[in-house]
Each structure stands twice: as structure tokens, then as C-alpha cells.
Q: 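Attaching a single structure in C-alpha cells format; questions to follow.
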Amino acid sequence: MPLAKTYKPEEIEGPHYQRWEEEGAFAAGRTNTGKPYTIVIPPPNVTGSLHMGHALNNTLQDVLIRFERMRGRDALWQPGMDHAGIATQMVVERQLDEQGTDRHKLGRSKFVDRVWQWKEESGGTIFNQLRRLGASADWERERFTMDEGLSRAVTKVFVELYKQNLIYKDQRLVNWDPKLLTAISDLEVENRDAPGHLWHIKYPIENEEGRYITVATTRPETMLGDTAVAVHPDDPRYKDLVGKNVVLPLVGRRIPIVADDYADPEQGSGAVKITPGHDFNDFEVGRRHKLDLINIFDQHAHLNDNVPEAFRGLERMAARKEVLAHIEAQGLLEKVDDITHTVPYGDRSGVVIEPWLTDQWYVDAETLAKPAIEAVERGNITFVPRQWENTYFSWMRNIQPWCISRQLWWGHQIPAWYGPDGHIFVEMDEDAALNAAKLHYGKETPLTRDEDVLDTWFSSALWPFSTLGWPDKTPELDRYYPTDTLVTGFDIIFFWVARMIMMGLHFMGEVPFHTVYVHALVRDEKGAKMSKSKGNVINPLDLVDEYGADALRFTLSAMAAQGRDIKLAKSRVEGYRNFATKLWNASRFCEMNVCLLRPDFEPGAVRQTVNKWIVGETAKAAGAITEAIQAYKFNEAADAAYHFTWHTFCDWYVELIKPVLLGDDEIAAEETRACAAWTLSQILHLLHPFMPYVTEELWDKLRHDSPIPDTQDLIVRGWPDASALPMDKDAALEMDWVIRLVTEIRSVRAEMNVPAGAKMDAKLVGAHPETQRRLATHADLIARLARLESIDLADQSPDRAVQVVIDEATVALPLAGVIDITAERTRLEKEIQKADAEIAKVDKKLANDAFVSKAPPHVIEEQHTRRADHTQTRDKLAAALERLKQAG
RNA sequence: GGGCGCGUAGCUCAGUGGGAGAGCACUACGUUGACAUCGUAGGGGUCGCUGGUUCAAUCCCAGCCGCGCCCACCA
């Protein structure tokens, strides 16, 4: 069946994907036995659906995987999903809320069952969306962070780190989310600038009637938990007050005035209230001065019983109002400044985070970070672009303890059990814990398990080895670890990349991957971050529906320049859909002209100049594309493929061979048909990583029409080897001359408004023997492409002709009566001026002694060549003008 | 307060120490047997500003202006 007249992506995409999957083309270890090439997918949230960031991220991974697979590597793209603790729990809790219930009514075990049920029914829609994009992941190896195997890995890592004292339990201030009722890590806190106020409040000095010390605060409600006022030890204003007490307003508590470097004389009043229970800095000050720590909030950030009765039960903001009202009523409010300050918000819940004193589990990240820093310093891991290494280093070198416990129900429950006396047993499972307890207490002792679960990122940190079977010694782990490339966005370098490096090195003794390719953010076309609230989200699947997956993939690849965000314009996608159409139509051309793939075709043995030329151009393109992908310059690879396909193959080669295909020379025609088919097949190969569907479809057609059908799908075929293809320099020069000649004639025709139907017998004057030979070879072709009746040699330009200069020769288009002689004179004069200007520019350079003595020889040589070329052109143009004048 | 990135054609973006590029948009012409989702030709830019280095700067350096992001405990 011939190719359809129009390219319709929706008709070809589904069937090919299905076939690839059925044939196991994505399966690692099946198609190739070569050196492994491995990418682990950044596991999307089980709740997630495909957004532009995923589309970009996974397109680039698929380009790499398909490229390496074609190059003969045993390509493994390891897919899987993340259980996404908080996000998923929130989704299910929302559902419960709609049903008028909540997780507490349900109980922990039923709630977790409920989440699993939701996961089985609705989780992972994103993978079907990735399939539509053409992602060639090894789906049979799909993993989930809560799988039995991965959970075992998580437990083992926890237990081992605990036994190595790299995990410990500690009581300190944490970032507490009063909506989600859990601790979160530093990274999950989003600091936002917000307008606020700085209240200056007078604290009365004890036993000194009428004397006050003024403190400035953005959070007056926390004064109820103050246990000191700090001033700088060198601050002359307050020197005599250090050691004295103030009477805390509203509370009546006597609290000391302490000297501490933390107090900045420049800030506020220079005296700062100290609330060790609700501020990270104050906590440190409190520790230094052995101050009491008073917790004034409950888990919802409502005031608790540690404050005077009038304030109990108030929510933070209400408390603030109430406190201020009392302060003002007592005449203790000195002044209020309007300021902008940063306020911490929970990145999931969107509520203000409260520093709160709790028991939590921490990872000693500093110790784990050391080898992870060295691995990047030594180049065992390279970031692309390189600059991200600085970001990595600056965070890793100042890394803080990682709070890994979460007060949630969905996640890996911490493998810690407590004895009646609070003794902690950290073991692989309950039986082991009970045994340990029996040993410890000398008798069987009931234990209670820690209620908390682990931070989601704790399990994803193990992803590169847990997905391959660790802690078991599996053949996959042996073969595919360390992986090769990690493709990710910069927003999770800390969350994920850094932690994978730490865990990989610690537990595997080897880096988890060698290259981290960090891609940009996809923004809307105005450069704004896409977000639901702004309503500027472009759904990638809408673009797939409208233009096809290939067009979207190609667009994202072509725009993935390193180190720059992608502002996605729809017109770009449309343009690349048109590109796919162009390719489709070029294939139709080949089909209609019976250009069949010949298994015995030897690109090095072609005899026709035009074929030698296209073989060389193919080699150049293949080399450029290969090099670009290897350097992760996806945009350069895409551009090179685009340009070669459209502007070299379609615009020129196809046009150049038309006369050959229709001509009488059957031997030449036969060779050209085979060569055209071969070139098209090379294009399909080179485009396949970017546009898998349309290329597979066209390849399918091409190979099945061939005398001996190729048995392989494109997806598993070999990648073109540029170095094995000949590049004929003479053929390149010759075709370049033809192309320039045709272009010049077309240009001057358009410029002189020569009517389309004008019949012209062109003459080539002053041609060297080699040029004469070229003309003899290609005259018919040139005439056809330039729409001439004929073109042949002459000794002299005819009268009243339009003349264009190509190298040493002049082409004359006799157009007496058709053209305006004055206009032609003006045109020639303009051309001469242009050439003169160029010559003058070069002369100026060459006249400069500094230039001639200091510039490298090849640059000087270049200038001489340029001068000669322009001079030749100028002379020829002058002669043409003279000729025109004589005739006129 | 530190760190990073960006400012090139109307729009979206490549690129380079030595002759300014692509796609889209725009203009003119075109029903040539692959393709109007097309073809041919063309217009359009002091490469943010100011200095410096250099024989030579859009590219390297410094400062400035504008925009964005990341990190940070400043009341």
C-alpha cells in the first residue's frame, strides 16, 4: 500500500509503539549484548500526570536511550514510580474529606489499604502518557518505591546507617507544618518575601520603675514564650543592663538580659527578644545561656497552656492581634515599622512553617557528603553543564543534618521499636527487634514500633541500586550499576541527585552515575513559570494530539540548549510538525520514483557526481549529529538533522536528481534511485531518536518495498557510521558551483522581476576549462532548476542582458525587451559598490602593520583570498556594466 | 547578604576572538507530476549601556542598567 497523501501522526503512532513493546525492543539485554548503557528514570510521583517538565525530561532520556541502543549498547532505561509520601497522602485525604470522613476515623491500617487501592486504580497514569510520547523504557522492569524489594532496601539502609551512628534520634527545633502535622526538611521550606511589620515593644526593667528596654520583633505573639532579652556585649547603650532582668509583659515572668554576639546593634533597637522554643537562632542563644525553653504552641500552632489563660487556644494570627491589643493598651508599643521580610512556607501545604521542638530522626549528612563531594571533584561524576557543580558543592559543603522522619501514614515506617523504658531497637523486622529486646532485657518484652515514616526522598536516594535488586546480589545490579547518565531538572539536585550520590557511594562503594545532565525549566512563551494558578499551563498531550508526539519531541530537543530555560512557543511545534510532513512527502517522492533500498548498495562506489556529493553530505550530517548527541547538545543535533533533511536532501538533492530519474541513462538512473533510497534511510536513522514514530513508519514502507526486505525495525538498527563514508571533495566543489549558479540566476530573475514565462537562452562567458566541463555535465540540470530554455558557452555577453558573476565566469541572461536597462545598470552599480566596500574593508586591515605582524598567518591568508575573490567579482561586474553601456 | 544565569531580527531562540544565524511572522512572485503543513526570492539587527584587554570584541574582563533563579538565621 502506498504512503498516504498526508502525514497523520495519530494514525501511525499507536501501532508502532505496540509493536515495539510486543517485540521486546525496549527490553534490556535482549536486543544487544554490547556494553550496557543505563539511565534510571527520575521516578514520577504516583499521583502525577504528565506536564511539560516530564515531557522534556523523558524526551531527552529517550533520545539518549534510542541513540545508544542503535549504537549497539545494551540500553536499559529503568522506569518506576515514587510513592510520594505527602503528595499521595494528601490526595487520598482529600477524597476522604469529600466522603465526610478522615484518616483518623479510618485508622492507620485501613487508611494505608485505601492508599494502595487508590494507587492500583488511578496511580501511574503518567506511564501511559509517557508511552504516547514514545518513551522506550523497559516497562517489564517497572519498580515502585514501596515495592517489597525496595522497601527492604530502605529498611536495610536505615538499619545499617543507624548501626554506623549515621542515623540518630534527636530533640531539637524542626520545621513543623501545622497543617499537615508533620516535620519537614529544610529543603521543603519555601522562603517567600512578604510585607510585614516590625513592632517595637517596651519591656520594663525589673525594680527600675519607668525604665524599659525596647525589643523589635516581626512575631509579637511569640513573646509569650520569651525567656531572655539579648544585647550585644559591646553595645554601650545596654552595657549596664546586662545581668539585670526584665518583667515580661502580659506574662509577668522575670527573664534575664544576656550579652550575646547574636544581637546586632544595627538591627531594630539592638536588643532582641529570645524565644528558644520557636526560633532557630534563639534556640542557639538559649543553649549558650542555658535559658529555659518554653513551648507555647500545640501541633496546630495554637497557643497552649504554657501561656496566660486569656490567650490559650488562639491561632497564631489571632494571638498576634490579641497580644498587640494588650501591649498597646498598656502603653508598651513604642512604634511600628513597615518592612518586607521572608516568611517560611511549607512547599506542599502552603502554610507558614513553625519552628517546633520535637523528637525526630536525622541523617548525619555531613559525614556522607564528604566522599560525595570528592567524587565530583575528582571527575567521577560530571555535571553537564558544568556550572551546576558549583551549586552542588556550595550546598554539600554546608550540608545540615537531614530530618528524615515524617508524621505521616503513607510511606516506609521507621524500623525502630521501643522498650517499656524507652530503649531503642533498630532492626530489619519486628521479630528481630523482639529477639534483640529479649537479649537486652533478659526476657521477652513487648515493644512498640515508631509511628513515623521516612521522607520520600530517603527511598528515592537508593533508586539507582534499589531498582536493580539491591540488597540482593542480582545479575542486573552487577551489570548495570553504576548507571551512565542521569537526566534531571536543577530543582531536584539537592533533594535527589546529591542524596543518590551519597547513598550510592556509601552502600555500593561506587558512584550511581557518571554524568548528570541538568536540563532547564520549561516556561510559557512569555517566560513565566507554568503553574495551575496562573492558568498558563500547556498540557503536552494537547500538543501531541494536535501535532503528534514526534513534533513535540523534536521541538523540545531543538530547544534544549544548555543552560537556558525553554520558553515554549506553539508555533515552533507547528513548524516541526511541518518538518515531519516534509519528510513524509520526500519519502513519497522516493516511493513514486521507485527508489528502492538495495542491500548491496555501496555508498563508496557511486559514479554520479550528485550521488558522490550527497553521500559526502550524509557523512557530514551523521558526524555532526553523532558528535552533538554525545556532547548532550540536543539542539545542535536536532538542527543538523533538520537542515540536512530539508535544505540539503529535499531542496537540492531531490531537485537535482529529478532529471536523472526521468532521463535516458538507465544506469545513472538506477544508481541514483538506489542512492536516494539509501540517503533517505540514513535520514530516517539519524532522525529516529528524535522522531521515532514517523521514521519507523517510513522505514517500514521503504524496507518492505525493497527487493530483499530488511528484517529489522528501525529502533534496533545500527547507527550510521560517518567515518565509514567517503567524502568526495571534488564532487562537493562541483555541486556547490551548480547550487550557487542556480541560486544566483534565480535571485537576479526575482530582483529584475523577470516574468515567469520568459524564455531565456543563457550564456556563460569567460569560463575556465574546469567550469566549461561542469557546464557541459550539468547544463540541462541548471537550465531546469533556473528555469532557462538553455545555457551554454559564449565568447561574449549578448546585448541588453542581465549579467551575474560566478567566480571567474559571467552568466548573461539575454532579456532585451523584457528588462529595464536602467534598472539593470543600477543593480550592477550597487553590486559593484558592495564589492568595493568589502575590498576597502580588507585593504584597511591589510594596511595595518599591527595586523599583518601579529595576526596568525591563516587569518592573513584568508584576507588575501577574500580580497582576490571580491576583486574578481568586482572586475567582472565592471565589465558587465561596460558591456551594457556599449549595447545601450 | 552571597551565588548563578539571561539581555542578538517584530516574536521564540541558536551561535562565534577575525565575513551576524534559524523557526515563526512579514513582502513579492509561483497551480514546474513529493509536498500550499509547499516552492523561489526578499526586507528586517549600532548582538542592553559604558569602559578595558587585543592587531581584531557581539564573543574575553570590569562597571552599570534591566530581568529571572538558587542559597542564607538577620529580630
Side-chain angles (χ1 to χ4, degrees), chain A residues 3 5-7 191 198-200 215-219 222 230 262-264 266-275 279-284 339 341-342 355 385 387-388 390-391 394-395 398 490-491 493-494 520-521 523 525-529 547 551 555 558-559 561 563-572 574-593 635-636 639 642-643 650-651 654-655 658 662 742-743 746-751 753-756 784-785 787 838 841-842 845 848-856 858-860 862-863 866 870:
Chain A
L3 284 171
K5 192 164 161 62
T6 41
Y7 160 60
N191 289 305
L198 192 59
W199 285 277
H200 295 250
V215 297
T217 180
T218 53
R219 297 200 59 194
T222 63
Y262 166 66
D264 179 356
E266 307 286 314
Q267 286 286 329
S269 61
V272 57
K273 62 193 269 312
I274 300 297
T275 322
D279 183 285
F280 291 102
N281 291 310
D282 294 6
F283 183 83
E284 295 302 322
I339 57 158
H341 63 144
T342 53
Q387 78 212 35
W388 289 109
N390 294 330
T391 306
S394 67
W395 189 69
N398 292 294
F490 60 81
D491 50 332
I493 289 178
F494 304 147
L521 215 61
R523 300 169 175 279
E525 59 188 309
K526 289 180 200 117
K529 207 165 168 169
Y547 302 111
T555 306
M559 298 189 79
R564 186 162 177 153
D565 286 346
I566 295 177
K567 285 186 220 161
L568 190 70
K570 211 172 151 183
S571 61
R572 213 50 198 268
E574 188 183 343
Y576 290 125
R577 188 276 318 269
N578 295 353
F579 173 58
T581 302
K582 187 75 182 176
L583 179 66
W584 184 271
N585 285 315
S587 295
R588 285 184 64 227
F589 170 84
C590 289
E591 179 185 53
M592 292 165 83
N593 286 281
N635 59 319
E636 288 184 14
D639 281 350
Y642 180 93
H643 189 265
C650 294
D651 287 353
V654 166
E655 295 305 324
K658 278 177 182 172
L662 298 169
V742 169
T743 306
R746 283 172 176 170
S747 178
V748 78
R749 285 179 61 125
E751 204 177 331
N753 288 317
V754 174
R784 179 193 164 101
L785 294 181
R787 311 222 158 285
E838 288 298 322
K841 245 166 95 178
V842 176
K845 266 192 181 174
N848 183 348
D849 288 342
F851 173 74
V852 178
S853 59
K854 292 189 179 172
H858 78 271
V859 172
I860 297 172
E862 224 172 79
Q863 295 301 322
R866 277 189 66 197
H870 285 298

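Chain letters run A, B, ... following the sequence lines, proteins first, then strands; residues in each count from 1. Predicted, not measured: the structure shown is a model, and the values here were computed from it.
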Q: Using the C1' atom on both, measure B/U12 against B/C6 and round to a whole Å.
A: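 Roughly 15 Å separates the two C1' atoms.
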Q: Listed by chain and number, what are the side-chain hydrogen bond (donor to acceptor under 3.5 Å, both in side chains) partners of A/R866, not counting sequence neighbours?
A: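 Checked A/R866 against side-chain hydrogen bond (donor to acceptor under 3.5 Å, both in side chains); matches are A/E838.
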Q: Is there a side-chain contact between A/L785 and A/R746, using heavy atoms and a 4.5 Å cut-off?
A: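 Result yes, sub-4.5 Å side-chain heavy-atom pair found.
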Q: With sequence neighbours left out, write down each residue that passes side-chain contact (heavy atoms from CB on, under 4.5 Å) with A/T275, or none if nothing qualifies.
A: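 Result, side-chain contact (heavy atoms from CB on, under 4.5 Å) vs A/T275: A/T222, A/D226, A/K273, A/H278, A/D282.
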Q: Indicate, with a heavy-atom threshold strictly under 4.0 Å, whether A/E655 touches base, sugar-phosphate, or nothing.
A: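 Counting heavy atoms under 4.0 Å across all strands, the contact made by A/E655 includes a base.
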Q: Counting only side-chain N and O atoms of A/K658, is one of them less than 4.0 Å from OP1 or OP2 of B/A34?
A: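 Affirmative; the distance criterion is met.
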Q: State, yes or no, whether a side-chain contact exists between A/V215 and A/V272 at a heavy-atom distance under 4.5 Å.
A: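 Result no, sub-4.5 Å side-chain heavy-atom pair not found.
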Q: By the 4.0 Å heavy-atom rule, please label A/V842 as base, sugar-phosphate, or nothing.
A: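 No contact.
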Q: So what does A/D651 touch, heavy atoms closer than 4.0 Å: a base, only the sugar-phosphate, or nothing?
A: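 Answer is sugar-phosphate: A/D651 comes under 4.0 Å of backbone atoms only.
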Q: Any side-chain N or O of A/K5 less than 4.0 Å from the OP1 or OP2 oxygen of B/C35?
A: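 Checking A/K5 against B/C35: at least one side-chain N or O falls below 4.0 Å of OP1 or OP2.
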Q: Roughly how far apart, to the nearest Å, are B/G5 and B/G15 at atom P?
A: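 It comes out at 15 Å once rounded to the nearest Å.
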Q: Indicate, with a heavy-atom threshold strictly under 4.0 Å, whether A/F579 touches base, sugar-phosphate, or nothing.
A: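 Counting heavy atoms under 4.0 Å across all strands, no contact is made by A/F579.
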Q: Got a second to check how far A/N585's CG is from A/L3's CG, nearest 0.5 Å?
A: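 Rounded to the nearest 0.5 Å, the CG-CG separation comes out at 9.5 Å.
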Q: For the pair made of CG in A/N593 and P in B/A34, what is the distance, rounded to whole Å?
A: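 The answer, rounded to whole Å, is 7 Å.
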Q: Determine the contact category for A/A271: base if any of its heavy atoms lies under 4.0 Å from a base atom, sugar-phosphate if only primed atoms, P, OP1 or OP2 are that close, otherwise nothing.
A: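 Nothing: the residue A/A271, judged by heavy atoms under 4.0 Å, touches no strand.
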Q: By the 4.0 Å heavy-atom rule, please label A/S394 as base, sugar-phosphate, or nothing.
A: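 Nothing, no nucleic acid heavy atom in range.
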Q: According to side-chain contact (heavy atoms from CB on, under 4.5 Å), who are the partners of A/D264, at least two apart in sequence or on a separate chain?
A: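 Only A/E266, A/Q267 meet the side-chain contact (heavy atoms from CB on, under 4.5 Å) criterion with A/D264.
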Q: At under 4.0 Å between heavy atoms, what does A/K273 touch on the DNA or RNA strands: base, sugar-phosphate, or nothing?
A: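 It contacts nothing in the nucleic acid.
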Q: Mapping A/G575 and A/K582 onto RNA chain B by nearest heavy atom, which one lands closer to the 5' end?
A: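 So the residue in question is A/G575.
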Q: Over how many whole Å does the gap from A/D282 atom CG to B/C73 atom C1' extend?
A: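 Those two atoms, CG and C1', are 9 Å apart.
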Q: Pick base, sugar-phosphate or nothing for A/C590, based on heavy-atom distances below 4.0 Å to the nucleic acid.
A: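 No contact at all - A/C590 keeps every heavy atom at 4.0 Å or more from the nucleic acid.
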Q: Write down the protein N/O and nucleotide N/O pairs, taken from nucleotides 18-21 of chain B, whose separation is under 3.5 Å; answer none if there are no such pairs.
A:
{"residue": "B/G19", "atom": "N2", "partner": "A/R866", "partner atom": "NE", "Å": "3.3"}
{"residue": "B/G19", "atom": "N3", "partner": "A/R866", "partner atom": "NE", "Å": "3.3"}

Q: Heavy atoms only, 4.0 Å cut-off, all strands: where does A/Y642 land among base, sugar-phosphate and nothing?
A: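 Sugar-phosphate contact only.
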Q: When the P atoms of B/C4 and B/G43 are compared, how many Å lie between them, rounded to an integer?
A: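 Roughly 42 Å separates the two P atoms.
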Q: Between B/C65 and B/C29, how far apart are the C1' atoms? Round to whole Å, please.
A: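 Per the computed distance, 45 Å lies between those C1' atoms.
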Q: If we take the P atom in both B/A22 and B/C49, what is their distance in whole Å?
A: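 Rounded to whole Å, the distance is 22 Å.
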Q: Think A/N578 has a side-chain N or O under 4.0 angstrom from the OP1 or OP2 of B/C38?
A: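 Indeed, a polar side-chain atom of A/N578 lies that close.
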Q: Give A/T581 one of three labels, base, sugar-phosphate or nothing, depending on what nucleic acid heavy atoms sit under 4.0 Å from its own.
A: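 Result for A/T581 = base.
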Q: When rounded to the nearest 0.5 angstrom, what is the spacing between OG1 in A/T555 and OH in A/Y547?
A: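 The OG1 atom of A/T555 sits 9.5 Å away from the OH atom of A/Y547.
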Q: Suppose you measure atom P in B/G51 against the same atom in B/A14; what distance do you get, rounded to whole Å?
A: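 One P to the other, the span is 29 Å.
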Q: Would you indicate what A/H341 reaches in the nucleic acid, counting non-hydrogen atoms under 4.0 angstrom: base, sugar-phosphate, or nothing?
A: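 Sugar-phosphate contact only.
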Q: Can a donor-acceptor pair be found, under 3.5 Å and without considering hydrogens, that links the side chain of A/S587 to the backbone of A/L583?
A: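 Confirmed, A/S587 side chain pairs with A/L583 backbone.
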Q: Tell me, please, which residues at least two apart from A/R572 pass side-chain hydrogen bond (donor to acceptor under 3.5 Å, both in side chains).
A: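 Per chain and number, A/R572 pairs via side-chain hydrogen bond (donor to acceptor under 3.5 Å, both in side chains) with A/Y576.
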Q: Which residues pass the ring pair (Phe, Tyr, Trp, His ring centres under 6.0 Å) test with A/H341, not counting sequence neighbours?
A: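 Per chain and number, A/H341 pairs via ring pair (Phe, Tyr, Trp, His ring centres under 6.0 Å) with no residue.
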Q: Taking the same atom, P, in B/U31 and in B/G7, what whole-Å distance lies between them?
A: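 These two P atoms come out 43 Å apart once rounded.
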Q: With sequence neighbours excluded, tell me which residues meet side-chain hydrogen bond (donor to acceptor under 3.5 Å, both in side chains) with A/Y7.
A: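 With sequence neighbours excluded, A/Y7 shows a side-chain hydrogen bond (donor to acceptor under 3.5 Å, both in side chains) to no residue whatsoever.
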Q: Roughly how far, to the nearest 0.5 Å, is OH of A/Y262 from CG of A/N281?
A: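 Nearest 0.5 Å value for the CG-OH distance: 4.0 Å.
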Q: Can you tabulate the close N/O pairs, meaning under 3.5 Å, that link protein atoms to atoms of nucleotides 1-6 of chain B?
A:
{"residue": "B/C6", "atom": "O3'", "partner": "A/R564", "partner atom": "NH1", "Å": "3.4"}

Q: In whole Å, what is the span from the CE atom of A/M592 to the P atom of B/C35?
A: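 Distance check: A/M592 CE to B/C35 P gives 6 Å.
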Q: Which is more 5' along RNA chain B, the nucleotide nearest A/Y576 or the one nearest A/V852? Just name the residue.
A: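 Upstream on the strand: A/Y576.
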Q: Any chance you could encode RNA chain B as dot-bracket? Rule is Watson-Crick or G-U wobble with both distances under 3.5 Å; [ ] for pairs crossing earlier ones, | for another strand.
A: (((((((..((((....[..)))).(((((.......))))).....(((((..]....))))))))))))....
Q: Atom CZ of A/R588 and atom CG of A/N593: how far apart are they, to the nearest 0.5 Å?
A: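 Going from CZ on A/R588 over to CG on A/N593, the span is 11.5 Å.
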Q: So A/T391 and A/F490, do their side chains get closer than 4.5 Å, heavy atoms only?
A: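 No - every pair of side-chain heavy atoms lies 4.5 Å or more apart.
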Q: Checking A/E655 now: which residues fulfil side-chain hydrogen bond (donor to acceptor under 3.5 Å, both in side chains) with it, not counting sequence neighbours?
A: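 Once residues adjacent in sequence are excluded, the partners of A/E655 under the side-chain hydrogen bond (donor to acceptor under 3.5 Å, both in side chains) criterion are A/K658.
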Q: Provide the distance between the two C1' atoms, one in B/A9 and one in B/U58, to the nearest whole Å.
A: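 About 14 Å, rounded to a whole number of Å.
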Q: List every contact pair, protein side and nucleotides 41-44 of chain B side both N or O, where the distance is under 3.5 Å.
A:
{"residue": "B/A41", "atom": "O3'", "partner": "A/S747", "partner atom": "OG", "Å": "3.4"}
{"residue": "B/G42", "atom": "OP1", "partner": "A/S747", "partner atom": "OG", "Å": "3.0"}

Q: What residues form a ring pair (Phe, Tyr, Trp, His ring centres under 6.0 Å) with A/F851, not counting sequence neighbours?
A: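 With sequence neighbours excluded, A/F851 shows a ring pair (Phe, Tyr, Trp, His ring centres under 6.0 Å) to no residue whatsoever.
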